[in-house]
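One-based numbering, in listed order, for ligands and for the atoms of each.
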Amino acid sequence: MFGFQNEFNVLGQTVVITGGSDGMGKAVALELSAKGANVVVVARTVSKLVTAVDEMKANAQNTFKQKFLYISADLTDPVECERVIAEVTTWNSGAAPDIVWCCAGFSSPGYFVDVPIQDHRQQMDTIYWTAANTAHATLRNWLEPVAPSGQMKTPRRHLIFTCSTLAFVPIAGYSPYSPAKAAIRSLSDTLSQEIEMYNGAYSQRHRSDAPAADVKIHTIFPMGILSPGFDNEQKIKPELTKRLEEADKPQTPSEVAEISIRALERGEYLITTNLVGSIMKGTALGPSPKNSIVRDTMLSWLSNLVFLQVIPDLRNKAFAWGKQNGIPGSSPAS
Ligand SMILES: NC(=O)C1=CN([C@@H]2O[C@H](COP(=O)(O)OP(=O)(O)OC[C@H]3O[C@@H](n4cnc5c(N)ncnc54)[C@H](OP(=O)(O)O)[C@@H]3O)[C@@H](O)[C@H]2O)C=CC1
Ligand SMILES: CCCCCCCCCCCCCCCC(=O)[C@@H](N)CO
């Protein structure tokens, strides 16, 4: 297309998708398979992984050229993440993956004091540590200095995190989950700066050892996704939380995958998937690198005005809820 340079061409690339056996991760896997990528899906449950591989094969652009693999691993364990990268590299004829997309994780909502403290820690393991472990194993591999003769021909790699708009805006009932997503956002912002040192060294690769490729970091911030994980969280979600997130109209996994991939193709860094999500991002953009200085600055001015009203409104709704219903387990005021 005229004037459009695809910043995320996956044809013939090797992609690892954690959490690729369900929900958004599986939708991403299917879409990238249709675009001609070799895809490795990683999650714990083998039966779901087998199904995902079958579906990717059926969806492939070229069944003869593309390869698919699944690896069962619990990514809360950093040793497992290193095994995943090593196995993928062996399978990929000795070359590291070109793209790693962290999608693993699920939400277990509840009020802060009602959720046992070890469950809060477990959410941090499931959300933050699966992503940080994967990023650590991946970047250690990608950023290893190699001699000029070992440099890649298609010199760009992508590390993608999947966060949530809850990293931008607080909603009561998500305290086990939102802090872990906010930590991912902070990791992403920090890495997006740190990676520039390596990319700078890469730009001088003809002179000295440098990483084998340029690396770009991206983070996706979906709103609700109609996934199996979402069905589970709805069963335990406090009624107040459902009420406070009424402005959210959940999207299907394939919608979210498609919108995210299109934004990656435009080269965006922090990616939202609909208008309410963009407004939530706008109010919290702060020091994060921008996709477009003009558009993001206008967006944050607008969002900050909107949120002058939104935050007190959310707090008032919580207060009114308690006034009406009491705290969970108590008998309501009559
Ligand atoms: N659903 C929603 O409303 C929203 C979700 N998100 C985020 O988007 C991402 C995808 O969510 P969703 O589509 O709901 O996903 P699902 O809950 O439907 O699927 C989660 C995937 O992660 C895998 N997984 C979970 N824990 C681990 C682990 N310890 N090690 C390896 N794999 C693991 C699961 O497989 P298995 O259990 O077999 O390991 C599965 O493949 C998540 O990061 C989620 O937090 C963000 C905003 C909204
Ligand atoms: C005009 C602008 C008004 C903005 C109002 C703000 C409303 C907040 C909506 C909260 C939506 C939360 C979606 C994230 C879901 C998620 O990550 C979990 N389902 C975990 O899986």
Side-chain angles (χ1 to χ4, degrees), residues 17-29 41-52 70-78 80-81 84 101-109 122-123 125-131 133-134 160-174 176-178 180-182 184 219-234 236-237 241-257 260 272-284 302-303 305-311 313-314 317:
I17 303 167
T18 77
S21 67
D22 236 333
M24 176 183 166
K26 185 159 95 174
V28 165
V41 285
V42 186
R44 294 165 304 178
T45 318
V46 172
S47 56
K48 290 193 293 176
L49 286 164
V50 171
T51 311
Y70 74 79
I71 298 175
S72 168
D74 183 343
L75 302 174
T76 57
D77 178 355
E80 284 292 85
C81 293
V84 166
W101 190 325
C102 304
C103 235
F106 54 85
S107 167
S108 180
Q122 208 172 34
Q123 278 276 276
D125 283 339
T126 296
I127 303 291
Y128 178 73
W129 283 108
T130 57
N133 290 338
T134 305
I160 306 159
F161 295 106
T162 306
C163 207
S164 161
T165 50
L166 290 169
F168 298 135
V169 173
I171 295 289
Y174 276 118
Y177 174 82
S178 300
K181 287 297 192 188
I184 293 182
T219 300
I220 319 286
F221 295 79
M223 299 285 281
I225 307 167
L226 297 165
S227 65
F230 185 77
D231 294 340
N232 288 334
E233 78 178 70
Q234 286 305 89
I236 54 168
K237 191 176 280 175
T241 306
K242 291 184 183 166
R243 180 71 192 285
L244 297 178
E245 63 182 7
E246 260 168 5
D248 179 30
K249 300 287 166 264
Q251 294 167 293
T252 62
S254 53
E255 267 179 281
V256 174
S260 305
T272 46
T273 65
N274 66 19
L275 180 66
V276 178
S278 301
I279 296 173
M280 291 168 76
K281 177 176 85 170
T283 195
L302 175 78
S303 301
L305 286 177
V306 172
F307 269 80
L308 284 176
Q309 197 243 321
V310 171
I311 296 298
D313 182 57
L314 291 167
K317 281 182 174 147

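No heavy atom of Glu80 sits closer than 4.0 Å to any atom of ligand 1. Close to ligand 1: Asp74, with a non-hydrogen atom less than 4.0 angstrom away. Residue contact annotation: Cys103 has a non-hydrogen atom under 4.0 Å from ligand 1. Using a non-hydrogen distance threshold of 4.0 Å, Tyr177 registers as a contact of ligand 1. Under the 4.0 angstrom criterion for non-hydrogen atoms, Ala73 is in contact with ligand 1. Note on ligand 2: Tyr174 sits in its first shell, one or more heavy atoms being nearer than 4.0 Å. Within the 4.0 Å heavy-atom cutoff, Gly224 counts among the residues contacting ligand 1. Heavy atoms of Ala131 come nearer than 4.0 angstrom to ligand 1 in no pair at all. Not a single heavy atom of Lys26 lies less than 4.0 angstrom from ligand 1. Using a 4.0 Å heavy-atom cutoff, Gly25 is absent from the residues neighbouring ligand 1.
Of all atoms in ligand 2, listed by their number and element, those nearer than 4.0 Å to a heavy atom of Ser107 are 20 (C), 21 (O). Within ligand 2, the atoms closer than 4.0 Å to a non-hydrogen atom of Thr165 are 13 (C), 14 (C), numbered from 1 in the order shown. Of all the atoms in ligand 2, the ones that sit under 4.0 Å from a non-hydrogen atom of Ser164 are 14 (C), 16 (C), 17 (O). Against a heavy-atom cut-off of under 4.0 Å, Asp248 is close to the following atoms of ligand 2: 11 (C), 13 (C).
Residues meeting the ring-ring contact (aromatic ring centres under 6.0 Å, His included) test with Tyr177, sequence neighbours left out: Tyr174. In this structure Ser72 satisfies the side-chain hydrogen bond (donor to acceptor under 3.5 Å, both in side chains) test with no other residue, sequence neighbours excluded.
An N or O contact shorter than 3.5 Å links Met24 to ligand 1 by distance. Considering both main-chain and side-chain atoms, Pro222 never comes within under 3.5 Å of ligand 1 through any nitrogen or oxygen pair. For Thr76, no nitrogen or oxygen atom sits less than 3.5 Å from a nitrogen or oxygen atom of ligand 1, counting backbone and side chain alike.
Here the options are Leu308, Val310, Thr283, the test is side chain to side chain contact (heavy atoms under 4.5 Å, CB included), and the partner is Ser303; only Thr283 passes.
Closest to atom 7 (C) of ligand 2, if we only count protein heavy atoms, is Ala247 CB, 4.0 Å. Nearest protein heavy-atom contact of atom 19 (N) of ligand 2 is Glu233 OE2, 2.7 Å.
Under 4.0 angstrom from ligand 2, there are no non-hydrogen atoms of Val169.
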